[in-house]
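Working notes, beginning with the structure itself.
Here, residue 1 is the first one in the sequence, and each next residue gets the next number. Values reported hereafter were calculated over all heavy atoms of this structure, with side chains retained and with hydrogens, waters and symmetry mates removed.
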Amino acid sequence: MLKLNKGSFYLTLACLILLIVMPSNNFITSVTGLHKFSILLIITMIAFVLSVLGMAGIKNGKSALLSSFTIGVTVLLMSFLGVVMFFGKLLS
């Protein structure tokens, strides 16, 4: 389960990087037909589920801190993306 914990952490970092890079790139939208933030929200939800599952493999304080940090960041990122998508649909 430690690998699952680290994997979800790396996926969360990838989501944060994609949040910065994705708005300037229209390639993903043209290939998939989905909105960029919808794809990022799905990836973030997967990272959240993996981080919650990774809580089962906590052995020490470091892994508990890593898992808690990952859950916190994914919740904040999901909330941010949800608000942006909600108000984006209201204003369009």
Side-chain angles (χ1 to χ4, degrees):
M1 287 292 180
L2 183 62
K3 291 181 181 179
L4 190 62
N5 197 5
K6 284 186 179 180
S8 65
F9 176 72
Y10 293 139
L11 189 59
T12 302
L13 288 179
C15 287
L16 289 173
I17 292 169
L18 284 174
L19 180 65
I20 296 169
V21 173
M22 220 183 235
S24 63
N25 188 357
N26 289 328
F27 176 73
I28 294 173
T29 303
S30 63
V31 171
T32 61
L34 295 172
H35 194 270
K36 301 175 250 193
F37 289 138
S38 298
I39 296 169
L40 189 57
L41 183 62
I42 291 168
I43 295 171
T44 306
M45 286 179 181
I46 291 170
F48 176 74
V49 169
L50 290 177
S51 63
V52 169
L53 291 175
M55 291 281 280
I58 291 179
K59 303 257 189 248
N60 55 19
K62 182 181 174 185
S63 61
L65 183 65
L66 181 69
S67 187
S68 299
F69 176 76
T70 304
I71 289 173
V73 169
T74 54
V75 166
L76 288 174
L77 189 57
M78 284 189 301
S79 301
F80 173 74
L81 288 171
V83 167
V84 166
M85 290 174 58
F86 176 74
F87 284 114
K89 288 188 186 226
L90 277 179
L91 297 176
S92 64

message = Using the rule given for side chain to side chain contact (heavy atoms under 4.5 Å, CB included), can you reason through Ser79 versus Val75, listing the C-alpha separation, both sets of side-chain angles and the distance that settles it, and then say yes or no?
response = CA-CA 6 Å; Ser79 301; Val75 166; 4.3 Å; yes
Counting only pairs under 3.5 Å, give me each side-chain donor-acceptor contact of residues 37-51, with atom names and distances, residues two or more places apart or in other chains.
| residue | atom | partner | partner atom | Å |
| --- | --- | --- | --- | --- |
| Thr44 | OG1 | Leu40 | O | 2.7 |
| Ser51 | OG | Ala47 | O | 3.2 |
| Ser51 | OG | Phe48 | O | 2.7 |

message = Can you give me the closest heavy-atom contact between Asn5 and Ser63, atom names plus distance?
response = ND2-O, 3.1 Å
message = Would you compute the distance between atom CG of Leu19 and atom CZ of Phe80 and round it to the nearest 0.5 angstrom?
response = 5.5 Å
ask   = Tell me, do Ser8 and Leu4 make a side-chain contact under 4.5 Å, heavy atoms counted?
value = no
ask   = According to a 4.5 Å side-chain heavy-atom criterion applied to Ile, Leu, Val, Met, Phe, Trp and Tyr, with indirect links allowed, do Leu76 and Phe69 form part of one hydrophobic cluster?
value = no
query = Does one hydrophobic cluster hold both Leu65 and Tyr10, with members joined at side-chain heavy-atom distances below 4.5 Å?
reply = no
note = d(Phe86 CZ, Leu81 CG) to nearest 0.5 Å is 15.0 Å
Pairwise distance CG(Leu77) to OG1(Thr70) - rounded to 0.5 angstrom = 12.0 Å
query = Where do Lys36 and Leu18 land on the side chain to side chain contact (heavy atoms under 4.5 Å, CB included) test, with the steps shown first?
reply = CA-CA 10 Å; Lys36 301 175 250 193; Leu18 284 174; over 6 Å; no
